[in-house]
Each structure stands twice: as C-alpha cells, then as structure tokens.
Amino acid sequence: HVQLVESGGGSVQAGGSLRLSCAASNYARSGSCVAWFRQAPGTEREFVAFIGTDGATGYADSVQGRFTMSKNNDETILYLTYLHMNSLKPEDTAMYYCAALMGSGTCPTKTDEYRYWGQGTQVTVSS
C-alpha cells in the first residue's frame, strides 16, 4: 500500500526558511498529485500547495510567492517531493501533512479528495 513520510519540520524565527520533504513508496507516479495541507490547533485542515507529475503546481493565496513545490524526477523507488517555505510568518505555524492521490487530472485542493496521508510534521515560526 502507499505510504507517505514527511520530514523537515522544525522551529524557525519569522523570515526564516524550511524545506519539507514527502517520500512516497509503493506509488504510481503517472497521473498523480502530491499536496501539502496544514492544520493549526482549533482550525480546519487547509490546502497549502500541490504538484502534479507533469510539474504543474498550485498554491493557496496565503503562501503564494513564499512557498514553492518541487519534485525529484529521478526514477527511484521513493517518489520525493518538496515544499520550500521562505519568508515564514508566525501564522504559518501548524502541523503540515503530505497527501497524495493517483489517477487525477487537475490536482484538487480539498482534503476529502486525497486518499493517502502522512503522519505530519510540525512547523513552528516564532516572532
């Protein structure tokens, strides 16, 4: 079965940067989407960014221009994607989750459209 493992979270000061990684195993890359969502305490999980296997990306308005997604195009056992987070703000503090689905056209932005989820990695931004 598909497994997603996130890494790269941590604590940084406002204005700093982090890179989150998502490693997918047992994963069919063709026609698939990998996305990041985040959830702060007391709030609903929200969309952050996605990347399709064709390289198409999409971002939430709140992170546009600060976050970018990329992927490893090497044919390795693990499918690696990355969320590069720059100019971090305290409001970016949340648990970040990697999510994936296969067999999609345009990558969706709703949580209930993603079938596979990782366990999450915490990002804390201090002012």
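Every value quoted in this text rests on a predicted model; they were computed, and no experiment measured them.
- Within the model, atoms CD of Gln3 and CG of Leu78 stand 10.0 Å from one another, a figure rounded to the nearest 0.5 Å.
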_CA sep, side-chain torsions, deciding dist, call: Tyr79, Tyr27, ring-ring contact (aromatic ring centres under 6.0 Å, His included)_ = CA-CA 7 Å; Tyr79 180 47; Tyr27 186 72; 5.5 Å; yes
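- The disulfide (SG to SG under 2.5 Å) contacts involving residues 44-101 comprise Cys22-Cys98, where partners must be two or more places apart or lie in separate chains.
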For a quick test of your reading: what N or O donor-acceptor pairs under 3.5 Å do the side chains of residues 112-119 make, sequence neighbours left out?
from	atom 1	to	atom 2	distance (Å)
Tyr114	OH	Pro108	O	2.7
Trp117	NE1	Tyr114	O	3.1

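- Of the inter-residue distances, the one linking Ser126 atom OG with Leu88 atom CG reads 10.5 Å to the nearest 0.5 angstrom.
- Taking each heavy atom of Ala35 and Phe37 in turn, the nearest pair found is CB-CE1, 3.7 Å.
- Across every non-hydrogen atom of Thr93 and Ala40, the tightest pair is O-CB, 3.8 Å.
- Criterion: ILVMFWY side-chain heavy atoms under 4.5 Å apart, direct or through other members. Under it, Trp36 and Leu80 are not part of a common hydrophobic cluster.
- The shortest non-hydrogen separation linking Cys107 to Ser32 is SG-O, 4.4 Å.
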*Report the C-alpha distance between Asn72 and Thr81 in whole Å, list the side-chain angles of each, state the deciding distance to 0.1 Å, and finish with yes or no for side chain to side chain contact (heavy atoms under 4.5 Å, CB included).*
CA-CA 6 Å; Asn72 186 337; Thr81 59; over 6 Å; no
*Applying side chain to side chain contact (heavy atoms under 4.5 Å, CB included), run through Val63 and Met85 and close with a yes or a no.*
CA-CA 8 Å; Val63 305; Met85 305 188 295; over 6 Å; no
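- At least one cation-pi condition fails for Arg38 and Tyr97: the charged atom is not both under 6.0 angstrom from the six-membered ring centre and inside a 45 degree cone around its axis.
- For the atom pair CG (Leu83) and OG1 (Thr57), the distance works out to 11.0 Å, reported to the nearest 0.5 Å.
- Annotation: the span from Gln64 atom CD to Tyr59 atom OH amounts to 7.5 Å, rounded to 0.5 Å.
- Judged by distance alone, the side chain of Lys71 and the main-chain N or O of Tyr82 form no donor-acceptor pair under 3.5 Å.
- Between Glu91 and Val125 there is no side-chain heavy-atom pair separated by less than 4.5 Å.
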*Check against side chain to side chain contact (heavy atoms under 4.5 Å, CB included), Glu6 and Leu20*: CA-CA 7 Å; Glu6 304 100 332; Leu20 305 184; over 6 Å; no
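- How far CD of Gln39 is from OG1 of Thr111: 9.0 Å, rounded to the nearest 0.5 Å.
- Distance check, rounded to the nearest 0.5 Å: OG of Ser70 to CD1 of Ile51 gives 6.0 Å.
- For residues 8-26, the pairs satisfying side chain to side chain donor-acceptor pair (under 3.5 Å) are Ser17-Asn86, with sequence neighbours left out.
- Residues Leu101 and Phe50 share a hydrophobic cluster, clusters being chains of Ile/Leu/Val/Met/Phe/Trp/Tyr side chains in contact below 4.5 Å.
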